[in-house]
Number of protein chains: 4
Amino acid sequence: MQCSKPRWERRKDARPQELLGAAIDLFVERGFAATRLEDVARQAGVSKGTLYLYYTNKEELFKAVVRESIVPVIGEAEVSINEFDGHSGDLLRTVMLNWWRRVGQSKVSGISKLIMAEASNFPELAKFYQEEVITRGTRMISSMLERGVARGEFRDIDVTQMTQVLIAPMMMLITWKHSAVAPCDCAELQPQAFLDAFLDMALHGLLPPKR
Amino acid sequence: MQCSKPRWERRKDARPQELLGAAIDLFVERGFAATRLEDVARQAGVSKGTLYLYYTNKEELFKAVVRESIVPVIGEAEVSINEFDGHSGDLLRTVMLNWWRRVGQSKVSGISKLIMAEASNFPELAKFYQEEVITRGTRMISSMLERGVARGEFRDIDVTQMTQVLIAPMMMLITWKHSAVAPCDCAELQPQAFLDAFLDMALHGLLPPKR
Amino acid sequence: MQCSKPRWERRKDARPQELLGAAIDLFVERGFAATRLEDVARQAGVSKGTLYLYYTNKEELFKAVVRESIVPVIGEAEVSINEFDGHSGDLLRTVMLNWWRRVGQSKVSGISKLIMAEASNFPELAKFYQEEVITRGTRMISSMLERGVARGEFRDIDVTQMTQVLIAPMMMLITWKHSAVAPCDCAELQPQAFLDAFLDMALHGLLPPKR
Amino acid sequence: MQCSKPRWERRKDARPQELLGAAIDLFVERGFAATRLEDVARQAGVSKGTLYLYYTNKEELFKAVVRESIVPVIGEAEVSINEFDGHSGDLLRTVMLNWWRRVGQSKVSGISKLIMAEASNFPELAKFYQEEVITRGTRMISSMLERGVARGEFRDIDVTQMTQVLIAPMMMLITWKHSAVAPCDCAELQPQAFLDAFLDMALHGLLPPKR
DNA sequence: GATGAATGAGCATTCATTCAT
DNA sequence: GATGAATGAATGCTCATTCAT
């Protein structure tokens with residue numbers, strides 16, 4: 001189980017990773033349109049031309065970043081939901097806090113923000129992201145709500161709308177985190193406090209009426 | 001009896017409105033960076049140069065759009081809050097539904113979305129918007145929460161965090177509306193249903209514990 | 001010998017003067033190409049359109065400035081040369097120092113500098129200036145040299161070349177005065193010292209050999 | 001046996017020279033502000049974009065032209081002055097005639113003229129040129145005068161002023177050569193005759209009084 | 001006469017993409 | 001495979017001049 005490849009060949013295999021790493025950094029920092037491929041190449045230590053050997057254009061590079069960074073997180077969450085068997089409120093809280101740790105706190109969250117910001121100027125990206133991320137993520141939240149309602153742990157809510165209600169603050173948190181403007185006089189967002197406040201309210205509001 | 005169209009028409013008084021109208025349309029449709037001033041001018045029926053007679057550059061044009069479209073709405077809301085004297089939950093609901101009618105449902109909402117998306121690439125705009133809109137809007141929500149707590153109509157919450165919790169879904173709704181990606185399989189968001197679901201949950205969660 | 005015209009009518013007569021005053025200021029400060037007619041009009045207290053009532057375009061305005069400011073000085077010098085009857089060296093010194101007082105020390109000198117700088121981009125102006133100023137001025141210097149040679153007060157020099165030799169430092173002084181670059185480490189040119197040094201050397205060099 | 005011309009040719013090493021060559025031609029012909037970079041590129045046989053691969057902007061291109069064309073001449077002159085050991089009058093004559101051959105007679109002289117003309121509109125260029133050319137050139141002339149005075153070969157003159165007196169006609173000659181206006185009725189300047197006349201007079205005037 | 005709103009050609013600079021080496 | 005030189009369309013902004021009022 002050794003790695004007998006010579007140095008430069010290992011490097012060749014590593015190229016896509018290095019490029020994706022540079023790409024995510026810059027996309028997150030500047031957005032899709034404002035990121036220059038020359039900067040991506042330079043940061044990855046290769047030439048502009050090389051970048052085009054691996055990704056046919058800017059959009060394909062971006063898609064690769066999404067596949068690399070976000071899609072796997074969703075897969076893992078789907079699995080953990082299927083395996084969980086406690087109270088649905090706990091499940092919801094766990095999944096959402098986990099998502100915050102894996103996505104919200106990492107630079108990956110910048111990709112989500114960027115998509116919200118720029119997707120309308122790049123329809124191809126919008127379509128891709130919708131299919132690969134949004135739809136699957138939404139279905140995941142909905143399934144937890146349905147589980148809670150079915151098990152009598154949640155009120156009888158409008159699942160479609162409540163799904164969006166639950167997603168919205170998480171996405172907004174991300175947006176604020178990456179956006180130069182935010183609704184707080186203080187210099188820093190306090191995401192954890194925000195999440196606590198939100199989940200507290202939300203789970204409180206989802207509980208079925210006491211008999 | 002000829003009526004040859006003059007090369008141009010002198011419309012000094014109407015021009016700013018025409019230009020702002022064209023500008024808001026295009027800014028909302030394409031974002032700040034992607035909007036070409038030549039297109040704004042053409043849509044307003046004037047030449048590129050004319051636009052510069054009224055606004056010194058792209059950023060000033062954008063600021064004028066904000067002053068024209070968003071700032072007044074905030075002013076009105078501030079007034080109506082001061083005059084209200086019923087239950088704070090009703091006040092909150094009223095103000096937020098009203099904001100949705102005035103901003104969310106109009107193209108003005110596109111400006112808010114655009115700012116979240118692009119502010120970090122245009123620090124000057126970020127600063128302007130933060131001061132003119134975000135800070136004032138945030139203070140407005142907070143004051144309603146404080147009123148509710150003071151009058152014993154709300155639980156004793158963390159006002160700062162809860163303010164953000166309340167703002168988040170509204171902003172997210174706007175973002176989705178303008179974003180080409182959104183967490184719904186259906187073709188259309190249902191903002192009204194979303195708002196109902198959210199306010200329902202939020203006001204439910206804010207109520208003080210029954211004695 | 002009163003001036004019975006009403007206020008606004010006197011003003012109308014004064015317009016050309018006001019415009020020329022503003023024009024010379026700005027041409028001297030920024031050069032021909034870089035001067036904006038809008039600024040000239042504003043400084044003269046009129047509208048852009050008005051300027052075009054008096055001067056058909058930028059070049060004509062400039063010509064008027066030259067006619068107003070430089071041409072008369074040459075006329076006066078020609079007269080005073082004809083009337084002088086002392087030693088030609090004294091005449092030369094007198095005329096050149098006088099020219100420095102009338103032109104070099106006033107903003108008029110900026111026009112000469114500007115012409116040297118920009119004439120090649122505006123052939124029409126070059127032609128005009130050559131005819132109205134350069135040729136006449138040159139002839140004037142030459143005539144003094146010829147007078148000196150004829151009267152045995154100067155060596156038997158190449159008049160054409162010496163004319164240029166005498167003109168050159170005066171023009172250069174003007175150029176430096178208006179030029180942002182100059183061959184002195186000190187902050188200020190000392191035109192008077194420069195002139196003294198030059199005339200000293202020149203008149204010394206023009207004297208006929210002592211028998 | 002076809003020989004279709006490629007869309008472009010890769011000439012990295014030659015490009016800077018080609019671009020500088022085109023740049024100096026056009027700067028000299030039209031001045032700094034009036035030279036369009038697109039024309040420079042076209043004359044060098046490349047596209048606009050290529051120019052920016054080598055020079056970050058118009059000012060840097062201009063600085064490169066100066067470094068390429070004028071600065072070396074000054075360096076050489078400084079060396080030859082240090083090595084000379086005859087009469088200071090001969091040194092002065094030699095250096096100035098040499099400068100005329102190397103700068104005055106070539107298109108390089110156009111750059112000096114251009115600077116005098118436009119420096120005040122481009123402060124950055126003025127500063128650069130002052131430091132790289134004017135100051136060094138001035139120091140060079142002064143040092144020759146000081147040498148002459150110290151060795152008793154020149155009168156005891158005001159070196160600072162005389163330095164300017166000597167520089168002035170040389171610069172003026174250049175200005176006239178490139179200026180579309182000049183104090184001669186004939187179509188052509190006769191720089192050589194002018195220089196002879198001037199140096200004759202100047203060196204004559206610098207000699208110490210005969211005992 | 002006066003005004004100033006309107007025009008539109010003009011220019012420096014950027015950057016995704018191509019392709020000869 | 002890798003390089004990076006070259007391309008050229010795109011865009012914000014300026015200003016002399018025109019002309020309806």
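Quantities reported herein were computed from a predicted structural model and do not represent experimental measurements. Chain identifiers are assigned alphabetically (A, B, ...) following the order of the sequence lines, protein sequences preceding nucleic acid strands; residue numbering begins at 1 within each chain.
- A heavy-atom distance below 4.0 Å to DNA chain F is reached by these residues of residues 31-53 of chain D, ordered by number: D/V46, D/S47, D/K48, D/G49, D/T50, D/L53.
- Nearest approach of A/R67 to A/F128, heavy atoms of both residues: NH2-CE1, 3.5 Å.
- The partner of F/dT21, taking Watson-Crick or G-U wobble pairs whose two distances both stay under 3.5 Å, is E/dA2.
- Taking atom OH of residue D/Y54 and atom C1' of nucleotide F/dT7, one finds them 13 Å apart after rounding to whole Å.
- Rounded to an integer number of Å, the gap from CD of D/E60 to P of E/dT14 is 13 Å.
- Rounded to an integer number of Å, the gap from A/N57 CG to E/dC15 P is 18 Å.
- In this structure, B/F27 atom CZ and F/dG12 atom P are separated by 9 Å, rounded to whole Å.
- In this structure, the side chains of A/E18 and A/Q43 stay at 4.5 Å or more apart for every pair of heavy atoms.
- Residues meeting the ring-ring contact (aromatic ring centres under 6.0 Å, His included) test with B/F27, sequence neighbours left out: B/F32, B/F62.
- Proximity of B/S179 to B/M116: side-chain heavy atoms (C-beta onward) are nowhere separated by under 4.5 Å.
- Here F/dA5 presents its P atom at 13 Å from OH of D/Y55, a figure rounded to the nearest Å.
- The interatomic distance linking B/L26 (CG) with F/dT11 (P) rounds to 12 Å, in whole Å.
- Going from atom CG of A/L61 over to atom P of E/dC15 covers 16 Å, rounded to whole Å.
- Using modelled atom types and a 3.5 Å distance limit, the side chains of D/E68 and D/Q17 yield a donor-acceptor pair.
- A/L125 places its CG atom 14 Å from the P atom of E/dA16, with the value rounded to the nearest Å.
- Annotation: side chain of B/V65 is not in contact with side chain of B/I70 (no heavy-atom distance under 4.5 Å).
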